[in-house]
Amino acid sequence: AGSFSGVSLEDCEHDGSPLPAQCTFQIVEQIAAVPEDDLRHVLDYSDETGRFNFELSSVQCRELVEAMCLYHAKLRTARMQHQLKLID
């Protein structure tokens, strides 16, 4: 399974191919990798290849950011509970 590790704003120019020729981006937030399984509910997958479609709607982008934040909140909670000896 893959993972995602950041949020960026992109501006791409391309010649109609599915792969952009040139992209510039600004990093908005850098985060540790999130397992793809934790984001699977947001992504649209191709039946043929099993890969997700790279073009995302604004709703999917918002849902991905929310899912990444929730994942990191769970990790932070677990770290704090461990440090406070609330769990093993």
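These numbers come from a predicted model, not from an experiment.
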### Query
Residues two or more places apart in sequence or in another chain: which of them pass side chain to side chain donor-acceptor pair (under 3.5 Å) with D44?
Q60
### Message
Under 4.5 Å between side-chain heavy atoms, counting indirect links through other Ile/Leu/Val/Met/Phe/Trp/Tyr residues: same cluster for V34 and Y45 or not?
### Response
yes
### Query
How far does CG of L56 sit from CZ of R62, to the nearest 0.5 angstrom?
12.5 Å
### Query
Between atom CD of Q83 and atom NZ of K85, what is the distance when rounded to the nearest 0.5 Å?
9.5 Å
### Task
Give, for atom CZ of R40 and atom CG of D37, the distance between the pair rounded to the nearest 0.5 Å.
5.0 Å
### Task
Taking side chain to side chain contact (heavy atoms under 4.5 Å, CB included) as the test, write out the residues that go with T49, two or more places apart.
S46, R51
Extract all donor-acceptor atom pairs below 3.5 Å that involve side chains of residues 64-76 and protein atoms in other chains or at least two apart in sequence.
{"unit_1": "H72", "atom_1": "NE2", "unit_2": "A32", "atom_2": "O", "d": "3.1"}

